[in-house]
Amino acid sequence: HQDEGEAEAAEATETKDPEAEANVHAEAEEDGEKDESVLDKTVLSDPLSDEEREVLTKLRQHETEVEKVRSAALELRSKASQSAVDFRSFTEAAQQVEDSTKVDPEILQRDAVSSQLEWPAKELKFARVLVAALDAWEKALAKGKEQLTAAPENAVIGESITALLESFQQMQVAQREAQASGSPAVRHADIGLTGKETGLRPLLEALLDKAQELEQLESFKAQLQDDEVRMQMLSDLKVQLPDSHVGDAWEDDRGGLVVAVGALVKRLKCLLR
């Protein structure tokens, strides 16, 4: 019986398909190569370039300043209303880091760097647009107020009005885009547009009156003819352009008044004789 069992085992071994065995070995080797390839990529791949790694090393040496930026972002995210003052503090903290480290801000915008550093790159981008718009507005506002008392030879009324309208529109767009971004540190942006609009309207009206006084109104109106956006903004702000002929009418009325007063004086003199 033992001899019969050994014979059957030998027969079973002889009947195995050599081709099937070869396929099994080939598949095993291929799977092994795949696993090894994945392992190689995992071990050898580096998401950071040498430049980015150098930047990270430099920034980690200024962790105190970097932490101020993170803290400012966290504070903004917790607010139901994010003001111009908040955005200035946020961007100034980031600027201090960039000035101290001499790092290119563009590198900090890269995902590989910002994620490693926990740097609020996207939110900073929107905050900086808001601050730039606010700076342009404040500059235009100061210039506009100066024009009210400027000497005729230094007056550039039309230019000042245009700068005010453009900077106000810039603030509107910046706030709208920040709110629509979904970024927690800027999505509740409120840079005080309502109050700024309230102050803008009388300043524009005063500048237009000044332009009329200095006979610059017609040239400004000519500039507005092809500028539908500015015309619409003036309309939205409920600012009306003065009538260019009002001054002429006043001159005519004043001339008639002088004649009438002169005639009255002559009549009184006759009555007193």
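No experiment lies behind these values; they were computed from the predicted model shown. Note: hydrogens, waters and symmetry copies are ignored here, and every other heavy atom, side chains too, is used.
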Look up atom [atom1] in [X] and atom [atom2] in [Y], then write down how far apart they are to the nearest 0.5 Å.
X	Y	atom1	atom2	answer
T57	L48	OG1	CG	9.5 Å
S49	I107	OG	CD1	7.5 Å
E51	D104	CD	CG	7.5 Å
L59	Q116	CG	CD	12.0 Å
L224	T162	CG	OG1	6.5 Å
Q240	L204	CD	CG	13.0 Å

Tell me whether the count of non-hydrogen atoms from other residues, nucleotides or ligands lying under 6.0 Å of [atom1] in [X] goes above 12.
X	atom1	result
Q61	CD	yes
E215	CD	no
E106	CD	yes
E118	CD	no
N154	CG	yes
K58	NZ	yes
K143	NZ	no

Using side chain to side chain contact (heavy atoms under 4.5 Å, CB included), reason through I191 and W137 one step at a time and then give a plain yes or no. CA-CA 11 Å; I191 55 176; W137 161 256; over 6 Å; no
Under a 4.0 Å N-O cut-off, is there an ion pair linking [X] with [Y]?
X	Y	answer
R70	E67	yes
R201	E205	no
D135	R128	no

With hydrophobic residues grouped by side-chain heavy-atom distances under 4.5 Å, do [X] and [Y] end up in a single group?
X	Y	answer
L76	L134	yes
F126	V129	no
L208	L148	yes

Heavy atoms, side chains only, cut-off 4.5 Å: are [X] and [Y] in contact?
X	Y	value
L74	R77	yes
T101	V55	no
L203	L141	yes

Step by step, work out the side chain to side chain contact (heavy atoms under 4.5 Å, CB included) result for W119 and V113. CA-CA 8 Å; W119 183 262; V113 175; over 6 Å; no
Heavy-atom donor-acceptor pair, [X] side chain to [Y] backbone, under 3.5 Å:
X	Y	result
S181	A178	yes
S235	M231	no
E65	E98	no

Of all heavy-atom pairs between [X] and [Y], which one has the smallest distance, and what is that distance?
X	Y	result
K79	H188	O-CD2, 3.5 Å
V186	A127	CG1-N, 4.2 Å
K210	Q147	CE-O, 3.6 Å
R187	Q82	N-OE1, 3.4 Å
E123	A185	OE2-N, 3.0 Å
L207	G144	CD2-O, 3.5 Å

Let's go through D86 and S89 carefully: what are the C-alpha distance in whole Å and the side-chain angles of both, what is the deciding distance for side-chain hydrogen bond (donor to acceptor under 3.5 Å, both in side chains) to 0.1 Å, and is it a yes or a no? CA-CA 5 Å; D86 296 327; S89 298; 5.9 Å; no
Kindly indicate, with the supporting measurements, whether the criterion side chain to side chain contact (heavy atoms under 4.5 Å, CB included) is fulfilled by I157 and F220. CA-CA 8 Å; I157 308 295; F220 178 65; over 6 Å; no
Assess whether side chain to side chain contact (heavy atoms under 4.5 Å, CB included) is satisfied between L108 and L117, documenting all intermediate values. CA-CA 9 Å; L108 290 173; L117 191 65; 4.1 Å; yes
Using the side-chain hydrogen bond (donor to acceptor under 3.5 Å, both in side chains) rule, take Q95 and D99 through it: C-alpha gap first, then chi angles, then the decisive distance, then the call. CA-CA 6 Å; Q95 189 64 50; D99 291 344; 2.9 Å; yes
In a table with atom names and distances, give each donor-acceptor pair under 3.5 Å that connects a side chain of residues 163-174 to protein atoms at least two apart or in another chain.
from: E166; atom 1: OE2; to: R230; atom 2: NH2; distance (Å): 3.4
from: S167; atom 1: OG; to: A163; atom 2: O; distance (Å): 2.9
from: S167; atom 1: OG; to: L164; atom 2: O; distance (Å): 3.1
from: Q169; atom 1: OE1; to: R230; atom 2: NH1; distance (Å): 3.3

